[in-house]
Amino acid sequence: MKTNGFDRAMRYFVREAELYVLGTIGGGLLLSVYMWLVISRGNFFEILDKLPVSFFYTSAVVILAITATAGQHWFPMLISMGCRRKNIFWGHLLMLFLFILQTLAVYQLSGFISSAEKLPLQLFTILTIDLAVAGITTFLNIAMLRWGKIVYTLMVILIVAISMFYGMWAGLYAPSGSNSSVLLIKQWTVMQHLILFTACLAVFTAANILNYRTLSTYEVKA
């Protein structure tokens, strides 16, 4: 891949981004059906009302997977094929941004086709959350490259703990029908949203700067 490697790397990561977007759409639809079966089982078209939240949750999980597994999947595979490290970095970053932008568009579209009066989260808030997830999991990826399975095990435990906490928190509000995961965020001021976005963007930027430095000296282990 050294010959015209940049173009080849970009094409590869663009294709991967589109596959992940399609997977997110399919996963969001399945999650909407599951939520309908578990929570309401009313009118079948109520599934449409659950699409925005389903796409949001599914895309966040995929972003976590894209960034947290980079050192175990894309880095060694593409380096062993002769791709330059800087091409891998920029290609992986392009894939992430393409995925985020397209899933934001899918989220907005799902809001239009549903009968809900308004989307449960605004696009700016989702972008902020996506940057936070990508930044934190990029740091985890760097840690896994240096310390191996110990960090991977801790990450799995952390994800399970967060999922259990969210399930318990959401369950407390289920009888009232309120969306507990966004109650606090919806009450924030514009300035609070901007501060949070700036902080998440700073984390994301710092993580990728360190990721670039780590990848520049990364060696594939036999």
Following the transitive rule for hydrophobic clusters with a side-chain heavy-atom cut-off under 4.5 Å over Ile, Leu, Val, Met, Phe, Trp and Tyr, establish whether [X] and [Y] coincide in one cluster.
X: Leu22; Y: Tyr57; answer: no
X: Ile25; Y: Leu123; answer: yes
X: Val14; Y: Val21; answer: yes
X: Phe124; Y: Val53; answer: yes
X: Val106; Y: Leu101; answer: no

Any idea which heavy atoms bring [X] and [Y] closest together, and the distance?
X: Met10; Y: Asn87; value: CE-O, 3.6 Å
X: Ser110; Y: Pro52; value: OG-CA, 3.4 Å
X: Thr138; Y: Ala207; value: CG2-O, 3.6 Å
X: His92; Y: Ile66; value: NE2-O, 3.0 Å
X: Leu51; Y: Ser32; value: CD2-OG, 3.2 Å

Rounded to the nearest 0.5 Å, what separation is found between the [atom1] atom of [X] and the [atom2] atom of [Y]?
X: Leu196; Y: Ile129; atom1: CG; atom2: CD1; answer: 8.0 Å
X: Ile136; Y: Leu64; atom1: CD1; atom2: CG; answer: 9.5 Å
X: Ile142; Y: Thr67; atom1: CD1; atom2: OG1; answer: 10.5 Å
X: Arg85; Y: Phe75; atom1: CZ; atom2: CZ; answer: 10.5 Å
X: Leu94; Y: Arg11; atom1: CG; atom2: CZ; answer: 13.0 Å
X: Ile63; Y: Leu131; atom1: CD1; atom2: CG; answer: 8.5 Å

*Kindly determine whether Leu19 and Phe99 satisfy side chain to side chain contact (heavy atoms under 4.5 Å, CB included), including the steps that lead there.*
CA-CA 9 Å; Leu19 290 175; Phe99 177 82; over 6 Å; no

*Under 3.5 Å, side chain of Glu16 to main-chain N/O of Tyr12, donor-acceptor pair present?*
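Answer holds: no.
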
*Examine distances only and state if a side-chain atom of Thr217 and a backbone atom of Thr214 form a donor-acceptor pair shorter than 3.5 Å.*
yes

Note, [X] side chain near [Y] side chain (heavy atom, < 4.5 Å):
X: Leu215; Y: Ile88; answer: yes
X: Thr128; Y: His193; answer: no
X: Met191; Y: Ile195; answer: yes
X: Leu31; Y: Phe55; answer: no
X: Arg84; Y: Ile79; answer: no
X: Ile100; Y: Leu127; answer: yes
X: Asn211; Y: Phe139; answer: no

*Stepwise, does the ring-ring contact (aromatic ring centres under 6.0 Å, His included) test hold for Phe89 with Tyr212?*
CA-CA 7 Å; Phe89 172 81; Tyr212 183 84; 5.0 Å; yes

*What do the steps show when you test Arg15 against Met95 for side chain to side chain contact (heavy atoms under 4.5 Å, CB included), and what is the final call?*
CA-CA 8 Å; Arg15 183 174 66 250; Met95 176 181 67; over 6 Å; no

*Geometric class of the Phe56/Tyr107 ring pair [parallel <30°, tilted 30-60°, perpendicular >60°]*: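 Ring orientation, 0 to 90° scale: perpendicular.
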
_Taking the six-membered ring for Trp, are Phe97 and Phe204 closer than 6.0 Å centroid to centroid?_
yes

*asked:* We want to know whether Thr103 and Ser59 form a side-chain donor-acceptor pair, criterion being a heavy-atom distance below 3.5 angstrom.
replied: no

